[in-house]
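Written out below as structure tokens is the structure these notes cover.
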Amino acid sequence: QVQLVESGGGLVQAGDSLRLSCAASGRTFSRYTIGWFRQAPGKEREFVAAVRWSGGSTYYADSVKDRFTISRDNIKITVYLQMNSLKPEDTAVYYCAAAWTPGWERPRAATDFNSWGQGTQVSVSS
């Protein structure tokens with residue numbers, strides 16, 4: 001059973017940086033993709049970024065691709081989301097999630113991911 005635990009959220013000012021962590025356990029993740037999603041109050045959960053564990057290829061939502069960087073640590077079995085130049089519209093609960101991707105899939109829909117962490121709050125003040 002996949003377990004995911006996020007950490008690193010907080011309250012920052014616009015323009016600041018923050019790094020989120022997602023500690024993964026319960027599986028060998030070589031055929032998984034780990035993604036970050038976010039959900040603001042009253043809005044749907046949206047895709048932010050993802051990394052294929054095997055090979056480490058990454059992909060992003062257009063809204064964050066020049067500011068956020070996703071990476072993974074094979075030793076610590078942890079995925080990071082480095083967020084720079086934060087904006088008030090980045091305020092949301094951030095979730096990490098795991099998707100089984102044995103082929104060349106690059107999932108972006110929340111329904112493609114079947115294991116989720118509990119979320120961590122990121123608040124950006126103007």
Side-chain angles (χ1 to χ4, degrees):
Q1 181 177 354
V2 174
Q3 293 184 329
L4 303 169
V5 179
E6 303 97 333
S7 61
L11 174 62
V12 297
Q13 293 186 334
D16 286 350
S17 298
L18 206 57
R19 189 178 79 159
L20 305 183
S21 300
C22 173
S25 62
R27 283 285 187 275
T28 299
F29 288 95
S30 59
R31 294 190 175 187
Y32 279 81
T33 292
I34 306 296
W36 284 96
F37 288 76
R38 65 187 182 186
Q39 188 166 20
K43 295 189 176 181
E44 292 187 355
R45 192 167 296 190
E46 66 171 350
F47 172 79
V48 175
V51 56
R52 289 177 55 88
W53 201 273
S54 178
S57 64
T58 60
Y59 51 103
Y60 299 86
D62 288 343
S63 60
V64 306
K65 65 182 180 180
D66 295 327
R67 301 183 294 122
F68 292 7
T69 302
I70 190 171
S71 61
R72 61 148 177 40
D73 184 321
N74 278 326
I75 304 301
K76 295 182 178 180
I77 318 299
T78 298
V79 172
Y80 302 100
L81 185 68
Q82 177 67 44
M83 305 185 294
N84 298 329
S85 302
L86 282 162
K87 305 175 181 179
E89 52 262 44
D90 295 317
T91 295
V93 178
Y94 283 70
Y95 299 90
C96 69
W100 170 250
T101 52
W104 295 101
E105 304 93 331
R106 293 164 69 92
R108 290 176 177 259
T111 52
D112 293 329
F113 291 76
N114 47 30
S115 296
W116 292 81
Q118 82 287 352
T120 186
Q121 176 71 47
V122 172
S123 299
V124 185
S125 64
S126 58

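One-based numbering along the sequence shown.
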One pair to check against side chain to side chain contact (heavy atoms under 4.5 Å, CB included): Val122 and Thr91. What are the steps and the verdict? CA-CA 5 Å; Val122 172; Thr91 295; 5.9 Å; no
What about Leu86 and Phe47, same hydrophobic cluster or not, with Ile/Leu/Val/Met/Phe/Trp/Tyr joined at side-chain heavy-atom distances under 4.5 Å? no
Mind jotting down which residue pairs meet the ring pair (Phe, Tyr, Trp, His ring centres under 6.0 Å) criterion with at least one end in residues 61-110? Sequence neighbours excluded, please. Tyr32-Trp100
With sequence neighbours excluded, give me every ring pair (Phe, Tyr, Trp, His ring centres under 6.0 Å) pair touching residues 105-126. Phe37-Phe113, Phe37-Trp116
Output yes when a side-chain donor or acceptor of Gln121 lies under 3.5 Å from a complementary backbone atom of Gly10, and no otherwise. no
Can any side-chain N or O of Thr78 pair as donor or acceptor with the backbone N or O of Lys76 at less than 3.5 Å? yes
Do you know which two heavy atoms are closest between [X] and [Y], and how far apart they sit?
| X | Y | result |
| --- | --- | --- |
| Pro88 | Ala14 | CD-CB, 4.1 Å |
| Pro107 | Ala99 | CG-CB, 4.0 Å |
| Ser17 | Val12 | O-CG1, 4.4 Å |

Given the rule in the side chain to side chain contact (heavy atoms under 4.5 Å, CB included) test, do Thr120 and Val93 qualify, once you have shown the distances and angles that lead to the verdict? CA-CA 5 Å; Thr120 186; Val93 178; over 6 Å; no
Can you pull out every salt bridge (charged side-chain N to carboxylate O under 4.0 Å, His left out) where at least one residue sits in [range]? Sequence neighbours excluded, please.
| range | result |
| --- | --- |
| residues 13-36 | none |
| residues 86-97 | Arg38-Asp90, Arg67-Asp90 |
| residues 96-113 | none |

Just to verify, what does Arg45 make a side-chain hydrogen bond (donor to acceptor under 3.5 Å, both in side chains) with, not counting sequence neighbours? Gln39
Qualifying residues under side-chain hydrogen bond (donor to acceptor under 3.5 Å, both in side chains), relative to Thr101, sequence neighbours excluded: Thr33
Using a 4.5 Å cut-off between side-chain heavy atoms of Ile, Leu, Val, Met, Phe, Trp and Tyr, which other residues end up in the same hydrophobic cluster as Val5? none
Who clusters with Ile75? Use side-chain heavy atoms, under 4.5 angstrom, across I, L, V, M, F, W and Y, and order the result by chain and number. none
Just checking Gln13: does its CD atom have more than 12 heavy atoms from other residues, nucleotides or ligands closer to it than 6.0 angstrom? no
Rounded to the nearest 0.5 Å, what's the gap from CD1 on Ile77 to CG on Leu4? Could you check? 12.0 Å
The complete set of side chain to side chain donor-acceptor pair (under 3.5 Å) pairs with one or both residues in residues 48-65, sequence neighbours excluded, reads Trp53-Asn74
Applying side chain to side chain contact (heavy atoms under 4.5 Å, CB included) to Ser25 and not counting sequence neighbours gives Gln3
Go through it in stages, so that I can follow the logic: the residues are Gln82 and Ser71, the test is side chain to side chain contact (heavy atoms under 4.5 Å, CB included), and I'd like the CA-CA distance, side-chain angles, deciding distance and then a yes or no. CA-CA 8 Å; Gln82 177 67 44; Ser71 61; over 6 Å; no
Any pair counted as disulfide (SG to SG under 2.5 Å), so long as it reaches residues 20-100, sequence neighbours left out: Cys22-Cys96
